[in-house]
Amino acid sequence: NPTTPPPADAAIAVGVKPTLEDASKGTWKRAWMIHRFMMKVILHRFDRIQPKDSKLALACLWWKALAGNDPTSPVYDSQLSYDLLPPITRWFVHRRFCRWYPRLHHANVEIRTAYLDKSVSNIINTILNGNTNIPHNTTSATTATTNTTNNTSRKKKIRLIVMGGGYDTRSIKFLERSSLPLQRNNIKNNGSTPPTPHQPHHRQSRKQQRRRRRWWNMRKRKKQQPATTTTINAFQTNITSNEQYDLECYELDLPEVVRAKRQLLDSRLFRRRPWLLKDNYYPNLISVDFNNLEDTRSALEGILLRAPPKEDTTEDDDDDDDDATAQRSSSNISSVHNIILFEGVMIYLNEGIPHSLLELCSSVVLRAGVESNNSNNNNNTALASFSSSGQYLCFADRLENIPGGDEDAAIVEMEGTGWELLDWLPKPGLARHMGVAKLKE
(Lines give C-alpha, C1' and ligand atoms only; values in the text may rest on other atoms or scores of the structure.)
Protein backbone atom coordinates (compact mmCIF):
# COMPACT_ATOMS: atom_id res chain seq x y z
CA ASN A 1 0.00 0.00 0.00
CA PRO A 2 1.52 3.38 -0.95
CA THR A 3 0.26 4.97 2.27
CA THR A 4 2.24 2.50 4.39
CA PRO A 5 5.91 3.54 4.76
CA PRO A 6 8.70 0.95 4.78
CA PRO A 7 9.56 -0.59 8.15
CA ALA A 8 12.88 1.26 8.27
CA ASP A 9 11.08 4.61 8.57
CA ALA A 10 9.11 3.55 11.64
CA ALA A 11 12.18 1.90 13.17
CA ILE A 12 14.32 5.01 12.76
CA ALA A 13 11.53 7.19 14.17
CA VAL A 14 11.53 5.28 17.47
CA GLY A 15 15.28 4.63 17.62
CA VAL A 16 15.18 0.90 16.81
CA LYS A 17 17.34 -1.02 14.38
CA PRO A 18 15.24 -1.80 11.29
CA THR A 19 14.28 -5.27 10.19
CA LEU A 20 16.15 -7.05 7.41
CA GLU A 21 15.38 -5.18 4.21
CA ASP A 22 16.38 -7.97 1.82
CA ALA A 23 14.41 -10.71 3.61
CA SER A 24 11.89 -12.42 1.33
CA LYS A 25 8.46 -13.70 2.30
CA GLY A 26 9.90 -17.20 2.36
CA THR A 27 12.50 -16.13 4.90
CA TRP A 28 9.84 -14.66 7.17
CA LYS A 29 7.74 -17.80 6.83
CA ARG A 30 10.64 -20.13 7.62
CA ALA A 31 11.58 -18.06 10.67
CA TRP A 32 8.00 -18.22 11.92
CA MET A 33 7.78 -22.00 11.37
CA ILE A 34 11.05 -22.58 13.22
CA HIS A 35 9.91 -20.44 16.14
CA ARG A 36 6.56 -22.22 16.22
CA PHE A 37 8.28 -25.60 16.27
CA MET A 38 10.63 -24.51 19.07
CA MET A 39 7.73 -23.29 21.21
CA LYS A 40 5.71 -26.49 20.82
CA VAL A 41 8.52 -29.05 21.07
CA ILE A 42 11.45 -27.59 23.01
CA LEU A 43 10.95 -24.25 24.76
CA HIS A 44 8.00 -25.31 26.94
CA ARG A 45 8.53 -29.05 26.99
CA PHE A 46 9.36 -29.12 30.72
CA ASP A 47 7.32 -26.06 31.65
CA ARG A 48 4.89 -27.01 34.43
CA ILE A 49 2.77 -23.87 33.87
CA GLN A 50 2.28 -24.42 30.12
CA PRO A 51 0.83 -20.97 29.33
CA LYS A 52 -1.43 -20.86 26.29
CA ASP A 53 -0.31 -19.04 23.17
CA SER A 54 -3.63 -17.20 22.93
CA LYS A 55 -3.54 -14.82 19.96
CA LEU A 56 0.28 -15.09 19.78
CA ALA A 57 0.62 -13.79 23.35
CA LEU A 58 3.26 -16.37 24.25
CA ALA A 59 5.18 -15.83 21.02
CA CYS A 60 5.25 -12.09 21.72
CA LEU A 61 6.64 -12.78 25.18
CA TRP A 62 9.65 -14.57 23.67
CA TRP A 63 10.11 -11.82 21.08
CA LYS A 64 9.93 -9.09 23.72
CA ALA A 65 12.34 -11.00 25.95
CA LEU A 66 14.76 -11.22 23.03
CA ALA A 67 14.51 -7.48 22.37
CA GLY A 68 14.51 -6.64 26.09
CA ASN A 69 17.84 -8.43 26.58
CA ASP A 70 19.59 -6.22 24.02
CA PRO A 71 21.40 -3.42 25.93
CA THR A 72 21.54 -1.30 22.76
CA SER A 73 17.77 -1.32 22.30
CA PRO A 74 15.46 1.41 23.69
CA VAL A 75 13.20 -1.36 25.04
CA TYR A 76 15.98 -2.89 27.16
CA ASP A 77 14.27 -3.96 30.41
CA SER A 78 17.10 -5.51 32.45
CA GLN A 79 15.75 -9.03 31.77
CA LEU A 80 12.26 -8.27 33.08
CA SER A 81 10.43 -10.20 30.34
CA TYR A 82 13.22 -12.76 30.44
CA ASP A 83 12.28 -13.61 34.04
CA LEU A 84 8.83 -14.81 32.93
CA LEU A 85 10.31 -17.58 30.78
CA PRO A 86 11.05 -21.20 31.81
CA PRO A 87 14.23 -21.64 33.87
CA ILE A 88 16.37 -23.65 31.41
CA THR A 89 15.14 -23.04 27.89
CA ARG A 90 15.11 -19.27 28.34
CA TRP A 91 18.85 -19.38 27.70
CA PHE A 92 17.98 -19.50 24.00
CA VAL A 93 17.24 -15.75 24.21
CA HIS A 94 19.96 -14.83 26.71
CA ARG A 95 21.57 -11.44 26.19
CA ARG A 96 24.79 -13.10 25.07
CA PHE A 97 22.98 -14.60 22.08
CA CYS A 98 20.71 -11.68 21.08
CA ARG A 99 23.01 -10.35 18.38
CA TRP A 100 23.01 -13.67 16.53
CA TYR A 101 19.27 -13.64 15.79
CA PRO A 102 18.18 -12.16 12.45
CA ARG A 103 16.03 -9.07 12.85
CA LEU A 104 12.67 -10.39 11.70
CA HIS A 105 9.62 -10.95 13.91
CA HIS A 106 11.14 -9.82 17.19
CA ALA A 107 12.39 -6.62 15.53
CA ASN A 108 8.91 -5.86 14.21
CA VAL A 109 7.44 -6.28 17.71
CA GLU A 110 10.31 -4.20 19.09
CA ILE A 111 9.18 -1.24 16.95
CA ARG A 112 5.69 -1.13 18.42
CA THR A 113 7.00 -1.82 21.94
CA ALA A 114 9.36 1.14 21.71
CA TYR A 115 6.62 3.36 20.32
CA LEU A 116 4.14 2.51 23.08
CA ASP A 117 6.70 2.73 25.89
CA LYS A 118 7.94 6.12 24.77
CA SER A 119 4.45 7.42 24.04
CA VAL A 120 3.24 6.50 27.52
CA SER A 121 6.36 8.10 29.01
CA ASN A 122 5.72 11.29 27.04
CA ILE A 123 2.08 11.37 28.13
CA ILE A 124 3.05 11.00 31.79
CA ASN A 125 5.65 13.76 31.41
CA THR A 126 3.03 15.95 29.74
CA ILE A 127 0.57 15.33 32.58
CA LEU A 128 3.11 16.02 35.30
CA ASN A 129 4.60 19.09 33.62
CA GLY A 130 1.35 20.45 32.20
CA ASN A 131 1.16 23.35 34.68
CA THR A 132 4.88 24.01 34.91
CA ASN A 133 6.06 27.29 33.38
CA ILE A 134 9.56 28.73 33.53
CA PRO A 135 9.28 32.20 35.12
CA HIS A 136 11.08 35.19 33.58
CA ASN A 137 10.98 37.57 36.54
CA THR A 138 11.27 37.49 40.31
CA THR A 139 7.58 37.94 41.01
CA SER A 140 6.63 35.05 38.79
CA ALA A 141 9.34 32.94 40.33
CA THR A 142 8.02 33.62 43.83
CA THR A 143 4.47 32.81 42.79
CA ALA A 144 5.51 29.63 41.02
CA THR A 145 7.51 28.51 44.04
CA THR A 146 4.57 29.17 46.34
CA ASN A 147 2.16 27.27 44.13
CA THR A 148 4.54 24.39 43.84
CA THR A 149 4.98 24.27 47.60
CA ASN A 150 1.22 24.30 48.17
CA ASN A 151 0.62 21.54 45.65
CA THR A 152 3.36 19.20 46.80
CA SER A 153 0.97 17.56 49.31
CA ARG A 154 -1.48 16.66 46.53
CA LYS A 155 -0.38 14.24 43.87
CA LYS A 156 -1.76 13.44 40.45
CA LYS A 157 -3.31 10.05 39.90
CA ILE A 158 -2.71 8.23 36.61
CA ARG A 159 -4.43 5.04 35.54
CA LEU A 160 -2.82 2.89 32.84
CA ILE A 161 -5.49 0.58 31.39
CA VAL A 162 -4.01 -2.02 29.03
CA MET A 163 -6.57 -3.65 26.75
CA GLY A 164 -5.23 -7.08 25.87
CA GLY A 165 -2.07 -7.04 27.96
CA GLY A 166 -1.15 -10.67 27.28
CA TYR A 167 2.12 -11.60 29.00
CA ASP A 168 3.57 -8.12 28.58
CA THR A 169 5.52 -6.48 31.44
CA ARG A 170 4.91 -2.83 30.51
CA SER A 171 2.75 -2.19 33.58
CA ILE A 172 5.46 -3.43 35.93
CA LYS A 173 8.07 -1.27 34.19
CA PHE A 174 6.01 1.88 34.67
CA LEU A 175 5.12 0.96 38.24
CA GLU A 176 8.84 0.79 38.95
CA ARG A 177 9.40 4.12 37.22
CA SER A 178 6.65 5.76 39.27
CA SER A 179 8.80 5.31 42.39
CA LEU A 180 11.83 7.08 40.88
CA PRO A 181 10.78 10.65 41.86
CA LEU A 182 10.44 9.59 45.51
CA GLN A 183 13.77 7.76 45.38
CA ARG A 184 15.50 10.75 43.77
CA ASN A 185 14.08 13.10 46.40
CA ASN A 186 15.26 10.81 49.20
CA ILE A 187 18.75 10.68 47.70
CA LYS A 188 18.82 14.46 47.29
CA ASN A 189 17.53 15.22 50.78
CA ASN A 190 19.08 12.43 52.80
CA GLY A 191 22.06 11.46 50.69
CA SER A 192 20.91 7.85 50.70
CA THR A 193 22.01 5.26 48.17
CA PRO A 194 19.80 3.70 45.47
CA PRO A 195 17.44 1.02 46.73
CA THR A 196 18.81 -2.51 46.68
CA PRO A 197 17.31 -5.88 47.58
CA HIS A 198 18.08 -7.70 50.79
CA GLN A 199 21.65 -8.57 51.61
CA PRO A 200 22.81 -11.50 49.47
CA HIS A 201 23.01 -14.84 51.20
CA HIS A 202 23.13 -17.13 48.21
CA ARG A 203 23.60 -17.10 44.46
CA GLN A 204 20.03 -16.14 43.60
CA SER A 205 20.18 -13.11 45.89
CA ARG A 206 23.41 -11.92 44.29
CA LYS A 207 21.85 -12.19 40.84
CA GLN A 208 18.85 -10.16 42.01
CA GLN A 209 21.14 -7.50 43.44
CA ARG A 210 23.10 -7.21 40.19
CA ARG A 211 19.88 -6.85 38.18
CA ARG A 212 18.62 -4.13 40.49
CA ARG A 213 21.95 -2.30 40.29
CA ARG A 214 22.00 -2.49 36.46
CA TRP A 215 18.45 -1.18 36.34
CA TRP A 216 19.30 1.74 38.61
CA ASN A 217 22.47 2.65 36.67
CA MET A 218 20.54 2.54 33.39
CA ARG A 219 17.94 4.98 34.76
CA LYS A 220 20.71 7.25 36.07
CA ARG A 221 22.51 7.34 32.71
CA LYS A 222 19.32 8.12 30.81
CA LYS A 223 18.46 10.90 33.25
CA GLN A 224 21.81 12.59 32.60
CA GLN A 225 21.16 12.73 28.84
CA PRO A 226 19.75 16.16 27.85
CA ALA A 227 16.23 16.14 26.41
CA THR A 228 15.95 17.78 22.99
CA THR A 229 12.25 18.66 23.20
CA THR A 230 9.18 18.08 25.34
CA THR A 231 6.46 17.60 22.74
CA ILE A 232 4.26 14.54 22.55
CA ASN A 233 6.19 13.33 19.49
CA ALA A 234 9.61 13.48 21.15
CA PHE A 235 10.20 9.86 22.08
CA GLN A 236 11.63 10.29 25.57
CA THR A 237 12.49 7.04 27.24
CA ASN A 238 12.16 8.04 30.88
CA ILE A 239 9.91 9.90 33.29
CA THR A 240 11.88 13.14 33.59
CA SER A 241 9.66 14.94 36.11
CA ASN A 242 10.55 14.92 39.81
CA GLU A 243 6.89 15.33 40.77
CA GLN A 244 5.47 12.38 42.66
CA TYR A 245 2.34 10.72 41.32
CA ASP A 246 0.16 7.69 41.98
CA LEU A 247 0.06 5.09 39.22
CA GLU A 248 -2.53 2.34 38.97
CA CYS A 249 -2.20 -0.32 36.26
CA TYR A 250 -4.99 -2.54 34.99
CA GLU A 251 -4.69 -5.29 32.38
CA LEU A 252 -7.76 -6.75 30.67
CA ASP A 253 -7.55 -9.99 28.70
CA LEU A 254 -9.13 -13.39 28.16
CA PRO A 255 -9.66 -15.57 31.27
CA GLU A 256 -7.11 -18.21 30.23
CA VAL A 257 -4.46 -15.54 29.64
CA VAL A 258 -5.16 -13.88 32.99
CA ARG A 259 -4.89 -17.20 34.84
CA ALA A 260 -1.61 -18.06 33.13
CA LYS A 261 -0.15 -14.62 33.76
CA ARG A 262 -1.00 -14.79 37.45
CA GLN A 263 0.90 -18.08 37.63
CA LEU A 264 3.87 -16.61 35.76
CA LEU A 265 4.00 -13.60 38.07
CA ASP A 266 3.64 -15.57 41.30
CA SER A 267 5.87 -18.55 40.52
CA ARG A 268 8.58 -16.86 38.43
CA LEU A 269 8.78 -13.09 38.36
CA PHE A 270 8.09 -12.41 42.05
CA ARG A 271 10.32 -15.31 43.06
CA ARG A 272 13.17 -14.05 40.92
CA ARG A 273 12.51 -10.39 41.83
CA PRO A 274 11.01 -10.41 45.34
CA TRP A 275 11.31 -6.62 45.72
CA LEU A 276 8.53 -6.21 43.13
CA LEU A 277 6.07 -7.97 45.41
CA LYS A 278 7.37 -6.14 48.46
CA ASP A 279 6.91 -2.71 46.82
CA ASN A 280 3.51 -3.63 45.28
CA TYR A 281 4.82 -3.41 41.72
CA TYR A 282 2.14 -5.56 40.14
CA PRO A 283 -0.90 -4.76 37.94
CA ASN A 284 -4.56 -5.57 38.52
CA LEU A 285 -5.56 -8.40 36.16
CA ILE A 286 -9.17 -8.51 34.94
CA SER A 287 -10.76 -11.25 32.82
CA VAL A 288 -12.93 -10.04 29.93
CA ASP A 289 -13.77 -10.96 26.34
CA PHE A 290 -13.66 -7.83 24.17
CA ASN A 291 -16.08 -9.34 21.66
CA ASN A 292 -18.69 -9.01 24.43
CA LEU A 293 -19.15 -5.25 24.62
CA GLU A 294 -21.41 -5.37 27.67
CA ASP A 295 -18.83 -7.24 29.73
CA THR A 296 -16.14 -4.85 28.51
CA ARG A 297 -18.26 -1.85 29.49
CA SER A 298 -18.85 -3.33 32.94
CA ALA A 299 -15.12 -3.91 33.41
CA LEU A 300 -14.20 -0.35 32.40
CA GLU A 301 -16.94 1.13 34.55
CA GLY A 302 -15.66 -0.91 37.48
CA ILE A 303 -12.28 0.76 37.02
CA LEU A 304 -13.30 4.33 36.18
CA LEU A 305 -16.58 4.65 38.10
CA ARG A 306 -15.66 3.15 41.41
CA ALA A 307 -17.92 4.53 44.14
CA PRO A 308 -16.39 6.12 47.25
CA PRO A 309 -16.52 4.17 50.54
CA LYS A 310 -20.04 3.94 51.97
CA GLU A 311 -20.79 5.56 55.30
CA ASP A 312 -20.91 3.16 58.21
CA THR A 313 -23.63 3.74 60.82
CA THR A 314 -21.95 1.57 63.45
CA GLU A 315 -19.93 3.00 66.29
CA ASP A 316 -16.81 0.98 65.65
CA ASP A 317 -13.73 3.13 66.14
CA ASP A 318 -11.66 1.02 63.74
CA ASP A 319 -14.15 1.55 60.94
CA ASP A 320 -14.15 5.28 61.63
CA ASP A 321 -10.38 5.33 61.40
CA ASP A 322 -10.48 3.44 58.10
CA ASP A 323 -13.01 5.88 56.63
CA ALA A 324 -10.94 8.83 57.76
CA THR A 325 -7.83 7.31 56.19
CA ALA A 326 -9.67 6.71 52.91
CA GLN A 327 -10.92 10.30 52.87
CA ARG A 328 -7.43 11.65 53.54
CA SER A 329 -5.92 9.50 50.77
CA SER A 330 -8.58 10.66 48.28
CA SER A 331 -8.08 14.30 49.30
CA ASN A 332 -4.35 13.98 48.51
CA ILE A 333 -5.16 13.45 44.82
CA SER A 334 -5.30 16.71 42.84
CA SER A 335 -6.38 15.30 39.46
CA VAL A 336 -7.16 11.99 37.77
CA HIS A 337 -5.84 11.02 34.35
CA ASN A 338 -6.44 7.87 32.31
CA ILE A 339 -4.31 6.25 29.61
CA ILE A 340 -6.00 3.47 27.63
CA LEU A 341 -3.60 1.31 25.63
CA PHE A 342 -4.28 -1.19 22.84
CA GLU A 343 -1.56 -3.49 21.51
CA GLY A 344 -2.26 -6.21 18.97
CA VAL A 345 -5.77 -7.04 20.20
CA MET A 346 -8.13 -5.55 17.58
CA ILE A 347 -6.60 -7.83 14.97
CA TYR A 348 -8.42 -10.83 16.45
CA LEU A 349 -11.80 -9.20 17.22
CA ASN A 350 -14.97 -9.69 15.23
CA GLU A 351 -15.93 -7.27 12.49
CA GLY A 352 -17.28 -4.01 13.82
CA ILE A 353 -15.98 -4.57 17.36
CA PRO A 354 -12.82 -2.41 17.12
CA HIS A 355 -14.82 0.68 16.10
CA SER A 356 -17.42 0.06 18.80
CA LEU A 357 -14.68 -0.57 21.37
CA LEU A 358 -13.13 2.84 20.76
CA GLU A 359 -16.56 4.46 21.12
CA LEU A 360 -17.15 2.53 24.32
CA CYS A 361 -13.85 3.66 25.84
CA SER A 362 -14.48 7.34 25.09
CA SER A 363 -18.06 7.22 26.40
CA VAL A 364 -17.06 5.53 29.68
CA VAL A 365 -14.16 7.97 30.23
CA LEU A 366 -16.44 10.93 29.48
CA ARG A 367 -19.08 9.61 31.86
CA ALA A 368 -16.46 9.19 34.58
CA GLY A 369 -15.48 12.84 34.13
CA VAL A 370 -19.08 14.06 34.34
CA GLU A 371 -19.78 12.09 37.52
CA SER A 372 -16.49 13.22 39.07
CA ASN A 373 -17.19 16.89 38.41
CA ASN A 374 -20.79 16.58 39.64
CA SER A 375 -19.54 14.93 42.83
CA ASN A 376 -17.09 17.77 43.40
CA ASN A 377 -19.79 20.40 42.89
CA ASN A 378 -22.23 18.67 45.26
CA ASN A 379 -19.69 18.15 48.02
CA ASN A 380 -18.06 21.59 47.64
CA THR A 381 -14.73 20.04 48.61
CA ALA A 382 -11.29 20.01 47.02
CA LEU A 383 -11.51 16.54 45.55
CA ALA A 384 -9.64 15.19 42.54
CA SER A 385 -10.48 17.15 39.40
CA PHE A 386 -11.16 15.61 35.99
CA SER A 387 -10.27 17.23 32.69
CA SER A 388 -10.94 15.81 29.24
CA SER A 389 -7.54 17.11 28.11
CA GLY A 390 -5.86 14.63 30.46
CA GLN A 391 -7.44 11.46 29.02
CA TYR A 392 -5.34 9.67 26.40
CA LEU A 393 -5.41 6.70 24.06
CA CYS A 394 -2.31 4.84 22.82
CA PHE A 395 -2.48 2.07 20.26
CA ALA A 396 -0.31 -0.21 18.15
CA ASP A 397 -2.99 -2.24 16.46
CA ARG A 398 -5.06 -2.53 13.29
CA LEU A 399 -7.97 -0.12 13.35
CA GLU A 400 -11.08 -0.47 11.25
CA ASN A 401 -12.00 1.76 8.30
CA ILE A 402 -8.35 2.72 7.69
CA PRO A 403 -6.83 1.26 4.51
CA GLY A 404 -3.07 1.01 4.79
CA GLY A 405 -1.56 3.94 6.68
CA ASP A 406 -3.80 6.78 5.49
CA GLU A 407 -3.59 9.51 8.16
CA ASP A 408 -6.70 11.34 6.92
CA ALA A 409 -8.75 8.18 7.36
CA ALA A 410 -7.25 7.75 10.84
CA ILE A 411 -8.32 11.29 11.79
CA VAL A 412 -11.88 10.60 10.64
CA GLU A 413 -11.96 7.27 12.50
CA MET A 414 -10.71 8.84 15.71
CA GLU A 415 -13.14 11.77 15.56
CA GLY A 416 -16.00 9.39 14.84
CA THR A 417 -15.25 7.45 18.02
CA GLY A 418 -14.75 10.44 20.34
CA TRP A 419 -10.97 10.89 20.15
CA GLU A 420 -8.64 13.51 18.69
CA LEU A 421 -5.55 12.14 16.92
CA LEU A 422 -2.26 13.63 18.17
CA ASP A 423 0.35 11.39 16.58
CA TRP A 424 0.33 8.85 13.76
CA LEU A 425 3.06 6.39 12.72
CA PRO A 426 2.05 3.47 10.49
CA LYS A 427 4.28 0.48 9.77
CA PRO A 428 4.00 -2.81 7.88
CA GLY A 429 2.65 -5.87 9.65
CA LEU A 430 -0.57 -6.93 11.34
CA ALA A 431 -0.45 -4.21 14.02
CA ARG A 432 0.22 -1.59 11.38
CA HIS A 433 -1.46 1.45 12.99
CA MET A 434 0.42 3.21 15.78
CA GLY A 435 -0.71 6.47 17.25
CA VAL A 436 -1.69 8.62 20.22
CA ALA A 437 -5.02 10.38 20.73
CA LYS A 438 -6.78 12.33 23.45
CA LEU A 439 -10.43 12.62 24.41
CA LYS A 440 -12.37 15.18 22.39
CA GLU A 441 -13.41 18.20 24.39
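As a basis for the values below, the full set of heavy atoms in this structure was taken, side chains included, without hydrogen atoms, waters or symmetry mates. All residue numbers refer to positions in the sequence shown, counting from 1.
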Should the pair E110-K17 be classified as a salt bridge under the 4.0 Å nitrogen-to-oxygen rule?
-> no

Judged by atom type as modelled, is there a donor-acceptor pair below 3.5 Å linking the side chain of S362 to the main-chain atoms of T417?
-> yes

Around R262, counting heavy atoms of other residues, nucleotides and ligands shown, do more than 12 lie under 6.0 Å from its CZ?
-> yes

Provide the closest heavy-atom pair for L439 versus G418 in the form atom of the first, atom of the second, distance.
-> CD1-O, 3.5 Å

Flag the pair D77 and K173 as a salt bridge only when some basic side-chain nitrogen lies within less than 4.0 angstrom of an acidic carboxylate oxygen.
-> no

Looking only at heavy atoms, the pair that brings F290 and I353 closest together is O-CG2, 3.5 Å

Can you spot which of K156, R159, K155 makes a salt bridge (charged side-chain N to carboxylate O under 4.0 Å, His left out) with D246?
-> K155

Is there a side-chain contact (heavy atoms from CB on, under 4.5 Å) between F395 and L358 once you walk through the steps?
-> CA-CA 11 Å; F395 56 89; L358 293 176; over 6 Å; no

Which class fits the ring pair H35 and W32: parallel under 30°, tilted 30 to 60°, perpendicular over 60°?
-> tilted

So CD1 of I49 and CZ of R268: to nearest 0.5 Å the spacing works out to 4.0 Å

For the atom pair CD1 (I402) and CD (E413), what is the distance rounded to the nearest 0.5 Å?
-> 5.5 Å

Does any donor atom in the side chain of D423 or Y115 lie under 3.5 Å from an acceptor atom in the other side chain?
-> yes

side-chain contact (heavy atoms from CB on, under 4.5 Å) assessment of L276 paired with E176 | CA-CA 8 Å; L276 297 178; E176 282 186 321; 3.0 Å; yes

So which heavy atom on P283 is nearest to which on L175, and how close?
-> N-CD1, 4.1 Å

To the nearest 0.5 Å, tell me how far R112 CZ sits from M434 CE.
-> 10.0 Å

Derivation of the salt bridge (charged side-chain N to carboxylate O under 4.0 Å, His left out) call for K40 and D53 = CA-CA 10 Å; K40 289 184 176 181; D53 189 19; over 6 Å; no

Parallel under 30°, tilted from 30 to 60°, perpendicular over 60°: which one fits the rings of W91 and F97?
-> tilted

Taking atom types as modelled and ignoring hydrogens, do the side chains of H44 and Q50 form a donor-acceptor contact shorter than 3.5 angstrom?
-> no

List the steps and the verdict of side-chain contact (heavy atoms from CB on, under 4.5 Å) for W63 and T113.
-> CA-CA 11 Å; W63 292 330; T113 303; over 6 Å; no

Separation of L160 CG from I123 CD1 (nearest 0.5 Å) | 9.0 Å

In this structure, are over 12 heavy atoms from other groups packed under 6.0 Å from L277 atom CG?
-> yes

Which value, rounded to the nearest 0.5 Å, describes the distance between L285 atom CG and C249 atom SG?
-> 10.5 Å

Could you state the interatomic distance from CD1 (I88) to CZ (F46), rounded to the nearest 0.5 Å?
-> 8.0 Å

Please report the closest heavy-atom contact between V257 and G166, naming both atoms and the distance.
-> CG1-CA, 3.8 Å

Can the ring centres of H105 and W62 be said to be less than 6.0 Å apart?
-> no

Short side-chain to backbone donor-acceptor contact, K118 and V14, under 3.5 Å = yes

Report the C-alpha separation of W424 and I411 in whole Å, then their side-chain angles, then the decisive distance to 0.1 Å, and conclude whether the side-chain contact (heavy atoms from CB on, under 4.5 Å) test is met.
-> CA-CA 9 Å; W424 178 251; I411 295 175; over 6 Å; no

State whether K440 and E415 are salt-bridged, where the test is any N-O pair (Lys NZ or Arg NE/NH1/NH2 against Asp/Glu carboxylate O) under 4.0 Å.
-> no

Pair D83 + R90: basic N to acidic O under 4.0 Å | yes

